[in-house]
Number of protein chains: 2
Amino acid sequence: MRRDVFQAIADPTRREIIQLIAHKKLNLNAIANQFDISRPAISQHIKLLEECGLITITQEGRDRYCQMEFKKLQEVAKWIEQYSIFWNKKLDALEQHLNQKDK
Amino acid sequence: MRRDVFQAIADPTRREIIQLIAHKKLNLNAIANQFDISRPAISQHIKLLEECGLITITQEGRDRYCQMEFKKLQEVAKWIEQYSIFWNKKLDALEQHLNQKDK
DNA sequence: TATAAGTGTAAGTAATTGCTTACGCAAAAT
DNA sequence: ATTTTGCGTAAGCAATTACTTACACTTATA
């Protein structure tokens with residue numbers, strides 16, 4: 001089973017879950033209520049998110065609170081950043097071209 | 001068929017393809033030669049990458065050169081960035097905590 | 001003109017994914 | 001003590017994914 005961050009954020013439902021718990025940790029039902037799909041389906045998404053380190057779960061009585069682990073998102077951020085120099089370069093080239101036209 | 005950037009970069013082979021063509025546009029065979037999987041398999045990955053806007057293909061005779069479209073990666077960058085304030089906040093909190101300990 | 005090189009696509013397949021329903025269990029509320 | 005709430009997990013299933021091999025079609029080369 002592949003369990004990397006890129007795979008995890010590929011699913012739109014999981015991205016919505018991330019959005020939900022970004023500001024405030026929520027228990028599983030609170031999350032599941034926001035979706036049309038079944039609670040077990042959300043439970044499985046949560047399990048995957050935990051297994052790949054994107055969230056941590058803290059048990060409080062019968063509730064399991066899900067909290068974002070943003071540092072794990074930095075893996076993606078880092079991957080993206082290595083390419084940002086390229087799009088900046090392209091923008092710079094465009095800028096330079098436009099400046100030339102001005103002359 | 002889902003054809004979004006998040007789905008596209010979820011596959012490790014496709015991320016390797018991106019890495020390969022980041023610096024220099026390459027024709028399909030040049031890309032395929034870098035992998036153990038078959039040429040048609042790469043062809044299918046390339047097709048998906050093009051369909052979701054991550055690369056553009058320019059035909060030159062019998063060669064099809066693949067070029068990165070970095071601006072499309074910004075979709076992911078933007079998604080990530082919205083959360084970067086959270087991990088910064090957390091780092092700030094940690095920093096503050098450490099500073100307190102110093103006193 | 002015959003052959004080689006670069007490629008897309010179709011069909012088949014095994015593995016994976018994203019769901020469902022059904023069940024069971026522990027903690028809280030009544 | 002019984003019921004309700006919050007949850008995990010198993011089994012089943014349809015759709016999708018990531019490949020493969022086989023074939024056909026251009027474009028370049030000999």
### Task
Verify side chain to side chain contact (heavy atoms under 4.5 Å, CB included) between I31(A) and C66(A), making sure each step is shown before the conclusion.
CA-CA 9 Å; I31(A) 297 167; C66(A) 305; 3.9 Å; yes
### Query
Does the side chain of H45(A) get closer than 4.0 angstrom to OP1 or OP2 of dC19(C) through an N or O atom?
yes
### Query
Does anything in residues 22-42 of chain A reach DNA chain C, meaning a heavy atom under 4.0 Å, and if so which residues?
I37(A), S38(A), P40(A), A41(A)
### Task
Nearest whole angstrom, please: distance from the C1' of dT16(C) to the CD of E51(A).
15 Å
### Task
Determine, stepwise, if the pair Y65(B) / I57(B) fulfils side chain to side chain contact (heavy atoms under 4.5 Å, CB included).
CA-CA 5 Å; Y65(B) 283 95; I57(B) 297 174; over 6 Å; no
### Query
In whole Å, what is the span from the CG atom of D11(A) to the P atom of dT16(D)?
13 Å
### Task
Taking the side chain as every heavy atom from C-beta outward, state whether F35(A) and L20(A) have any pair of such atoms under 4.5 Å apart.
yes
### Query
Any side-chain heavy-atom pair from H45(A) and T13(A) closer than 4.5 angstrom?
yes
### M68(B): which of T56(B), I17(B), I18(B) passes side-chain contact (heavy atoms from CB on, under 4.5 Å)
I18(B)
#### Entry: Integer-rounded Å distance: dA18(D) C1' and I17(B) CD1
12 Å
### Message
Check this one for me: any side-chain N or O of K47(B) less than 4.0 Å away from OP1 or OP2 of dT9(C)?
### Response
yes
Give each protein N/O atom lying under 3.5 Å from an N/O atom of nucleotides 12-14 of chain C, with the pair distance.
none

## Note on the structure
Here the distance between atom C1' of dT9(C) and atom CD1 of I46(B), to the nearest Å, is 15 Å
### Query
Are the charged groups of E60(B) and K25(B) less than 4.0 angstrom apart, N to O?
yes
### Message
Tell me whether L49(A) shares a hydrophobic cluster with F86(B), the cluster being built from Ile, Leu, Val, Met, Phe, Trp, Tyr side chains joined at under 4.5 Å.
### Response
yes
### Query
Rounding to a whole Å, what distance do you find between L48(B):CG and dG8(C):C1'?
15 Å
#### Entry: Heavy-atom donor-acceptor pair, R15(A) side chain to I9(A) backbone, under 3.5 Å
yes
### Task
In whole angstrom, give the distance that lies between atom CD of E16(B) and atom C1' of dA18(D).
15 Å
### Message
Is it the case that the side chain of Q67(B) and the backbone of E69(B) share a donor-acceptor pair, with hydrogens and angles ignored and the cut-off at 3.5 Å?
### Response
no
### Task
Please report, rounded to the nearest Å, how far the P atom of dG8(D) is from the CG atom of L49(A).
12 Å
### Query
Using a heavy-atom distance cut-off of less than 4.0 Å, which residues of residues 58-65 of chain A contact DNA chain C?
G61(A), R62(A)
#### Entry: Parallel, tilted or perpendicular, as decided by the 30° and 60° cut-offs, for the rings of W79(B) and F6(B)
perpendicular
### Query
Quick one: on DNA chain C, does Q44(B) or R14(A) contact a more 5' nucleotide (nearest heavy atom)?
Q44(B)
### Message
Closer than 3.5 angstrom, by distance alone: can the side chain of E75(A) be matched with the main-chain N or O of A77(A) as a donor-acceptor pair?
### Response
no
### Task
Please report, rounded to the nearest Å, how far the C1' atom of dA15(D) is from the CZ atom of R3(B).
14 Å
